[in-house]
Amino acid sequence: MRPNEKFEQNGRNGEHIITNGFCMPSLIMKKRDGGKLSRHEIEYFIRHVVKGNVQDGQLGAMLMAMFIRGLDDAETASLTRAMTHSGDVLKWPKEWKGSIVDKHSTGGVGDKVSLVLAPALAACGVKVPMVSGRGLGHTGGTLDKLESIPGFNVSLSHDDMLKVLEDVGCCIVGQTSNLVPADKILYATRDVTSTTECIGLITSSIISKKVAESLDSLVLDVKFGQGAFSDTEEMARQLATRMVKAGNRSGVKTEALLTDMNSPLGYMIGNALEVAESIDCLHGKGPKDLTELVKQLGGRLLASANKAPSLEKAFSMIDKTLHDGTAIAKFADMMKAQGVNADVADKLCAKDADVFEILPKSEHTTELKAKTSGYVHGIDAMKCAVVSGKLGAGRTKAGEAISPDVGLTLSVQIGDKIEEGSTWVTVHHNGELPIVLFEKISGAIDIKPDIKQTTGKVLGVITENISEQ
Ligand code: URA
C-alpha cells in the first residue's frame, strides 16, 4: 500500500475499499464546505458509484452538496467525462469520422422534431445514431411516439445500430443498459433527493450520454416557457451555455438553440398524432414552426459537419429533403430497418395516405369551440400537456403503460384569426371526457380582439468553441 492510501469502511456490504488518498466523507465535506472537486476526485467518486461502493446516504449527501454549492465549468466538464466513461462508448467506422451527428432537446409539448430531423439529416448524407428517451411526465418521449407505429423496435444492439446506420444513415433507439451507467444511478437518487434542478448535474447527465455516442457534432434545443423545463429565457440560456461548454470540452462540436415553448410545437400533441404530423412534415406539408425548427437544427449540424458551404445553404439542403421525397424515403427505410413490416412502412409514407388506417385512433373525439372572435394570443402549453397526460398520453412513473391514441389536435396557432363558434381544439379520448379536463383545456386559449404579432420559435443561438483544458 502506498503511504497516502487509506482503508475506508464504506462499501455497501461493509467491505474495505483501497482508495488513492481520497475517501468519500472527505470529498463530501470538501464539496459541502464550498471547495472545488478536482478531476481525479470526481473520477474517484463516479468510479465508486458505479462499483456500488458508495452508500445511499453518501450519494445523497454528495448530490445535495453539489446542488447547494453548484458545480463550476471545470467540475461539470470533469463530471461529464467521468460519467461518459462509466460504461460503453459507441464505436463507429473511421470512414464516418466528421459525419456523426445528433440533437438533444430539453423536452417540450408537441416536440416531434427528432422523427423528422433524423431522416432529413440522413438524406443529406450524415450519420445519425439517435439515442433517445421515454417521456416521464405529461407527454410521451420520442420512443413512445415511434412505438405507436406497429412493429417499430427501439431496442437495437450496437451491431444492429451499425447495420442500420450503414444501410439507412439514421436510427432512433433507446439507451442500452451499459451506456453511461453512472447516470442511471445518479438520476434515480437525484429524483428522490430533490437534487434534479442543478445546472451542473443536468449538463453532465445530458452531455455524457451524447458524448458516449461518439458524436462529431451535437445541436441542443433548449426550450423555455410554460411547457418547458426552464421557465425563463435566462434559465435556458444558462443551461445552454453550460451544456455547450461541456460538449465542446468533451470533443464534440456543440451548439444550442434557445426556443420558445410557451405554446405547443405544431398542431398535434399525443403519440400517434405526433407521428402523423411528422409524416406530414416529411412530405413538406408540416406546420411552419416545426419545419423551421427542423431546418435550423439540421442546418447547424450540416454546417458543423462541413457538409455545406454556408449556414444558409445548410438550411436549404434540409428544406429540400422535406420537399423532394428523400427525407420521407429515409423515414420509410428506417422503419423497415427497425422492424416495421415493409408494406406498413410504405403505406404510412405514401403520398396522401390516411395514416390512421395504420396508426392507433382514439374511440372518441370532442371538439371545443371558441367563445369569442378575435386573434389567438396564447395557447397554454402546460395546460395542453396536463390534459394530454391525464388522457393517458404520458406517464408519472417509469415503466407505466401509455395510450398511443389519445391527445389533442389544435386548429389554430398563436397569431391566427378565429371566429366565435369555430373549433379551436379537438380532444382525442377513450371513454368519457372528464369535465375537469374539458374545463382545463377550455382555459388554455387566450383570444383577444387586437392582432397578435408573432415571432418564430427560435429566439437565440449559443455557440462557443473552447479548447480542451
Ligand atoms: N434529462 C437528462 O437526461 N438528465 C437530466 O438531468 C435532465 C434531463
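Counting starts at 1 for both ligands and their atoms, in listed order. All values derive from a computational prediction rather than experimental measurement. For reference, positions follow the sequence shown, starting with 1.
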Tell me: protein heavy atom nearest atom 8 (C) of ligand 1, and distance?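 Among all protein heavy atoms, the one nearest atom 8 (C) of ligand 1 is I206 CD1, 4.0 Å.
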Nearest protein heavy atom to atom 3 (O) of ligand 1, by residue and atom, and its distance? K209 NZ, 2.4 Å
Have a look at H429 and tell me which of L391, L437, D405, V387 forms a side-chain contact (heavy atoms from CB on, under 4.5 Å) with it. L391
What part of Y187, side chain from CB on, backbone N/CA/C/O, both or neither, has a heavy atom under 4.0 Å from ligand 1?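 The part of Y187 near ligand 1 is the side chain, not the backbone.
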Do you know which of K253, K94, K97 makes salt bridge (charged side-chain N to carboxylate O under 4.0 Å, His left out) with D216?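 The single option meeting the salt bridge (charged side-chain N to carboxylate O under 4.0 Å, His left out) with D216 is K97.
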Purely on distance, is any nitrogen or oxygen of S205 under 3.5 Å from one on ligand 1?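 Yes - when backbone and side-chain N and O of S205 are compared with those of ligand 1, one distance drops under 3.5 Å.
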Does ligand 1 come near enough to R190 that some N or O of the ligand is less than 3.5 Å from an N or O of the residue?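 Right, the criterion is met.
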Write down the atom of R300, the atom of V219, and the distance for their closest heavy-atom approach.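 R300 and V219 have their closest heavy atoms at CB-CG2, 4.4 Å.
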For the ring pair H48 and Y44, is the centre-to-centre distance below 6.0 Å? yes
Chi angles and distances behind the salt bridge (charged side-chain N to carboxylate O under 4.0 Å, His left out) call for K209, E213: CA-CA 7 Å; K209 285 175 280 191; E213 285 176 36; over 6 Å; no
